[in-house]
Amino acid sequence: MTENTDITSLNGAEALEAAATVPPEEQLGSRMGIAVTEYAPDRVVGTMPVAGNRQPYGLLHGGANAVLAEQLGSIAAALHAGADRIAVGLELSCTHHRAATEGTVTGVATPLHRGGATATFEIVITDEHGKRTCSARLTCVLRDKPPAN
């Protein structure tokens, strides 16, 4: 982890690494194959493979959609919070519209509200054909970063 790094000046991968307190192999998003592909204040985009994230009937697990949504929304909220604050998930809501059975899904997080104490993002997840598979909304509470030990 880089001390006193302004994450807003870094690309997505660098910013995640700078803000992380645990190694990537211990983070759920890494284990699920989530890749952040675009990182900007008004839009965070990432992909996730269906393979390895299915439920017993061969469909993308609804919990996997939730993990992708929370990963992208949390990154967007952390970017809004700035280098001296952290964003912690407060509420996540997911509506699953259609099943994904193969390929890759893409999530796009955009802001609905960015305040001083909370930030809310809509995350739209689509399949490789551009069809919406899930709509999610994540609200994060913004807190001061705890002091380093």
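Counting begins at 1 with the first residue of the sequence. Since the model is a prediction, treat every value here as computed from it, not as a measurement.
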Between [X] and [Y], which heavy-atom pair has the shortest distance, and what is it?
{"X": "Ala69", "Y": "Leu92", "result": "CB-CD1, 4.2 Å"}
{"X": "Ala78", "Y": "Ala87", "result": "N-CB, 3.7 Å"}
{"X": "Ile123", "Y": "Ala109", "result": "CG1-CB, 3.8 Å"}
{"X": "Leu138", "Y": "Cys140", "result": "CD2-SG, 3.7 Å"}
{"X": "Arg85", "Y": "Gly116", "result": "NH1-O, 2.9 Å"}
{"X": "Pro49", "Y": "Gly33", "result": "CD-O, 3.4 Å"}

Checking [X] side chain against [Y] main chain: does a donor-acceptor pair fall under 3.5 Å?
{"X": "Arg31", "Y": "Glu25", "value": "yes"}
{"X": "Ser30", "Y": "Pro24", "value": "yes"}
{"X": "Glu122", "Y": "Thr110", "value": "no"}
{"X": "His80", "Y": "Gly115", "value": "yes"}

### Query
When you look at Arg137 and Glu91, which way does the side-chain contact (heavy atoms from CB on, under 4.5 Å) test go after all the steps?
CA-CA 8 Å; Arg137 187 183 71 205; Glu91 180 180 26; 4.0 Å; yes
### Query
Roughly how far, to the nearest 0.5 Å, is the OH atom of Tyr39 from the CD1 atom of Ile75?
7.0 Å
Should [X] and [Y] be regarded as members of a common hydrophobic cluster, given that ILVMFWY residues are connected when their side-chain heavy atoms come within less than 4.5 Å of each other, either directly or indirectly?
{"X": "Leu28", "Y": "Leu68", "answer": "yes"}
{"X": "Val45", "Y": "Phe121", "answer": "no"}
{"X": "Leu72", "Y": "Met32", "answer": "yes"}

### Query
Hey, which of Asp127, Thr101, Val105 is the one that makes side chain to side chain contact (heavy atoms under 4.5 Å, CB included) with Val50?
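Exactly one candidate clears the test, Val105.
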### Task
Take Met48 and Ile125, measure what side-chain contact (heavy atoms from CB on, under 4.5 Å) needs, and give me the verdict at the end.
CA-CA 10 Å; Met48 180 179 67; Ile125 301 174; over 6 Å; no
Report the hydrophobic cluster partners of [X], with the cluster defined as I, L, V, M, F, W, Y residues connected by side-chain heavy atoms closer than 4.5 angstrom, directly or transitively.
{"X": "Val124", "result": "none"}
{"X": "Leu142", "result": "none"}
{"X": "Ile86", "result": "Val88, Val141"}

### Task
Name all residues meeting the side-chain hydrogen bond (donor to acceptor under 3.5 Å, both in side chains) criterion together with His96; count only those two or more places apart in sequence or in a different chain, and write none if there are none.
Asn65
#### Entry: Enclosure of Gln55 CD (heavy-atom neighbours >12, cutoff 6.0 Å)
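Count over threshold, so yes.
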#### Entry: salt bridge (Lys or Arg N to Asp or Glu O under 4.0 Å) partners for Arg114, two or more places apart
Asp42
### Partner residues of Arg98 under the salt bridge (Lys or Arg N to Asp or Glu O under 4.0 Å) criterion, sequence neighbours left out
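Salt bridge (Lys or Arg N to Asp or Glu O under 4.0 Å) check on Arg98 returns nothing, list empty.
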### Message
Measuring only between side-chain heavy atoms, which start at C-beta, is Thr133 closer than 4.5 Å to Lys131?
### Response
no
